[in-house]
Number of protein chains: 2
Amino acid sequence: MANAMARTAADTTDTTSPQGRIRRENVERILKAAERIFAEAGFAGATMADIAERAGLPKANLHYYFGTKEDLYRAVLDNILRMWLAPIDSFTPDADPSVALTAYVTAKMEASRTRPHASKVFANEILHGGTQVERFLAEDLKSLVDAKAGVIDGWVAAGRMAPVDARQFLFMIWAVTQHYADFDVQIRKVLGRRTLTRQDFAAMTAEVLRLVLRAAGLPELQIAEPQVSELEPPTDSVPSIS
Amino acid sequence: MANAMARTAADTTDTTSPQGRIRRENVERILKAAERIFAEAGFAGATMADIAERAGLPKANLHYYFGTKEDLYRAVLDNILRMWLAPIDSFTPDADPSVALTAYVTAKMEASRTRPHASKVFANEILHGGTQVERFLAEDLKSLVDAKAGVIDGWVAAGRMAPVDARQFLFMIWAVTQHYADFDVQIRKVLGRRTLTRQDFAAMTAEVLRLVLRAAGLPELQIAEPQVSELEPPTDSVPSIS
DNA sequence: GTCTATAGAGAGATAGAC
DNA sequence: GTCTATCTCTCTATAGAC
């Protein structure tokens with residue numbers, strides 16, 4: 001999927017020339033604006049005019065760089081999918097299950113805090129049928145889950161954690177961690193808070209870790225908290241597409 | 001919120017006369033069709049023409065019964081919110097925590113199986129800001145969570161379950177159980193299944209129960225499975241609005 | 001390469017016949 | 001009460017000036 005996206009003007013040009021620099025900056029501004037607008041309104045609810053305004057560019061430029069609205073949406077999704085798979089690398093046969101799970105849950109909670117729009121765009125895509133990410137789900141993600149489920153099964157077989165259905169255990173981790181980005185409105189209203197601060201996220205991460213580790217029959221690590229504290233601020237910066 | 005919805009032609013007329021019967025049937029067909037279309041496409045992506053076609057009625061009838069698209073959407077949401085709060089009634093100070101949690105998780109998983117469209121409409125609404133359910137979240141749901149968190153705190157204080165942050169424990173249950181409705185596409189693709197059967201849901205419910213009860217430091221009940229087996233089929237029937 | 005002005009399609013809503 | 005035909009507005013996309 002990550003390599004099967006539509007070819008557009010945005011990725012066919014030399015990036016070392018001066019023109020390439022402006023292009024790269026504009027593309028990045030558009031992608032950042034688009035991620036936000038698509039997160040807030042969904043694909044159908046987002047308008048090219050809204051995205052253009054947020055990016056501070058004329059509407060026609062979006063079509064110049066990305067062709068159609070759907071092409072732009074796919075480029076945004078592509079950015080998101082690329083980072084979606086990474087943090088689970090900590091799951092290896094020789095790793096300590098407590099350490100690996102702590103690292104993974106912490107990374108997922110950090111993603112919910114620092115890139116909430118990305119999580120929402122993905123959630124919205126899945127919620128409405130996931131037609132744009134079908135291959136990603138059935139190939140890339142399935143392969144990864146199959147592999148990591150094997151690792152977890154090995155941990156269970158070795159008596160290093162309580163018996164779990166490995167795939168459902170992963171679903172649980174995804175559901176719980178992404179919930180803090182996707183359902184933030186509900187969480188804030190129920191807790192009576194206007195915003196969720198970095199401190200709130202540190203506390204929520206600690207509690208999620210406690211519940212997940214207990215569900216896995218593992219002791220809680222005492223070093224969990226420091227890992228959350230020194231990361232970048234909650235902006236919505238998007239990595240370059242090129 | 002449930003009582004603060006827009007008044008429309010749909011709820012101002014006598015329901016005992018012959019006309020009232022036709023009206024009630026049409027309203028129900030429209031609501032059922034609308035729940036499905038709004039779930040599949042979101043508010044912005046859904047069209048009145050799609051809903052009308054699915055309901056087997058001319059487009060103009062939808063406007064006759066519900067006024068605007070937004071009024072119809074609110075009526076659909078109202079139906080959903082009404083059932084959203086009910087199953088947590090099993091949480092009472094004197095209840096056995098294992099029994100109460102088992103009943104609640106089972107009911108939530110059943111809701112994901114039998115009313116997936118309702119779950120998706122609600123998820124979509126929250127995902128995009130929840131402007132139509134603000135009061136529901138900040139008043140009805142917050143009150144309920146405050147009350148039930150008190151019950152859980154009592155169970156913890158009495159040493160009847162492991163220490164948890166009660167509100168976050170509830171968030172975890174919501175996240176995990178609703179995930180099976182909202183992210184069904186992802187789950188099916190990753191598991192390599194075309195559909196999730198009643199048997200699949202029974203197995204998934206058992207595993208979710210195992211994880212949740214373990215996270216709460218509670219023993220698993222042996223009577224869990226039978227509770228899942230004899231419920232209505234996975235249609236998308238919607239209760240009458242009147 | 002950039003932007004204004006506009007064409008063209010699609011959607012919500014309604015008038016008015018039945 | 002019901003439904004066809006249509007009005008009007010919004011949004012995507014592009015033509016063409018600069």
Side-chain angles (χ1 to χ4, degrees), chain A residues 6-31 33-34 37-38 40-76 128 132 242, chain B residues 6-31 33-34 37-38 40-76 128 132 242:
Chain A
R7 296 288 120 191
T8 69
D11 51 9
T12 53
T13 311
D14 167 27
T15 50
T16 56
S17 68
Q19 288 80 5
R21 213 179 68 84
I22 290 174
R23 167 178 289 276
R24 214 170 49 241
E25 282 174 10
N26 281 345
V27 163
E28 197 166 331
R29 290 175 63 162
I30 294 169
L31 284 173
I37 300 295
F38 282 133
E40 288 173 357
F43 175 76
T47 71
M48 294 298 266
D50 288 344
I51 296 171
E53 192 191 11
R54 177 138 214 119
L57 291 168
K59 211 173 45 156
N61 284 29
L62 275 59
H63 286 104
Y64 172 70
Y65 283 117
F66 289 96
T68 69
K69 181 185 179 184
E70 194 172 328
D71 289 338
L72 173 56
Y73 179 64
R74 276 198 287 257
V76 169
H128 299 131
Q132 303 286 1
S242 54
Chain B
R7 296 289 119 192
T8 70
D11 51 9
T12 52
T13 310
D14 167 28
T15 51
T16 56
S17 66
Q19 289 81 3
R21 214 179 66 84
I22 291 174
R23 165 178 291 273
R24 211 169 52 240
E25 283 173 9
N26 281 345
V27 163
E28 198 165 332
R29 290 174 63 162
I30 294 169
L31 284 172
I37 301 294
F38 283 132
E40 288 173 359
F43 176 75
T47 70
M48 295 297 268
D50 288 344
I51 296 171
E53 192 191 14
R54 176 137 216 121
L57 291 168
K59 209 173 48 155
N61 283 28
L62 274 58
H63 287 104
Y64 171 70
Y65 283 118
F66 289 96
T68 69
K69 182 185 178 184
E70 195 173 327
D71 288 339
L72 172 55
Y73 179 64
R74 275 198 286 257
V76 169
H128 298 132
Q132 303 287 359
S242 54

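Residue numbers begin at 1 in each chain, while the letters A, B, ... track the order of the sequences.
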Practice task
Return the 5'-most residue of the pair A:Ala60, B:Lys59 with respect to DNA chain D, ranking by each residue's nearest nucleotide.
Solution key: B:Lys59

Completion exercise
note: B:Leu57, atom CG; D:dT4, atom C1'; distance rounded to Å ~ 15 Å

Exercise for the section: Return the value, rounded to whole Å, for the distance between atom CZ of A:Phe38 and atom C1' of D:dC11. Expected result: 13 Å

Handout entry: Under 4.0 angstrom between B:His63 side-chain N/O and C:dA13 OP1 or OP2
Key = yes

Fill in the blank from the handout: Regarding the side chain of A:Ile22, the nearest nucleotide among D:dT4, D:dT12, C:dT2 is C:dT2

Practice task
Report the distance from atom CD1 of A:Ile30 to atom C1' of C:dC3, rounded to the nearest whole Å.
Solution key: 13 Å

Problem - Presence of B:Tyr65 side-chain N/O under 4.0 Å of D:dT2 phosphate oxygens OP1/OP2 - result: yes

Handout entry: Between CE on residue A:Met48 and CD1 on residue A:Ile30, distance to nearest 0.5 Å
Key = 8.5 Å

Completion exercise
NE2 of B:His63 to CG of B:Asp71, rounded to nearest 0.5 Å, is 9.5 Å

Problem - Atom-pair distance (OH on B:Tyr64; P on D:dG1), nearest Å - result: 4 Å

Handout entry: Residues, nucleotides or ligands: over 12 heavy atoms within 6.0 Å of A:Glu25 CD
Key = yes

Exercise for the section: Give the nucleotide from the list D:dT2, D:dT12, C:dG12 with an atom nearest to the side chain of B:Asn61. Expected result: D:dT2

Practice task
Could you check if a side-chain atom of A:Phe66 sits within less than 4.5 angstrom of a side-chain atom of A:Val27, using non-hydrogen atoms only?
Solution key: yes

Practice task
Quick one: label A:Asn26 by what it contacts on the DNA or RNA (base, sugar-phosphate, nothing), any heavy atom closer than 4.0 Å.
Solution key: sugar-phosphate

Practice task
Could you state the atom-to-atom distance from CD of A:Glu53 to P of C:dC3 in whole Å?
Solution key: 15 Å

Handout entry: Spacing of B:Asp71 atom CG relative to C:dA13 atom P, expressed in whole Å
Key = 8 Å

Fill in the blank from the handout: A:Glu70 CD to D:dC11 P, in whole Å, measures 19 Å

Practice task
Taking the side chain as every heavy atom from C-beta outward, state whether A:Ile51 and A:Phe38 have any atom pair closer than 4.5 Å.
Solution key: yes

Handout entry: Whole-Å gap separating P (C:dG10) and NZ (B:Lys69)
Key = 16 Å

Exercise for the section: For B:Ala46, answer base if it contacts any base atom (sugar-phosphate contacts may also be present), sugar-phosphate if it contacts only those atoms, and nothing otherwise; contact means non-hydrogen atoms under 4.0 Å. Expected result: sugar-phosphate

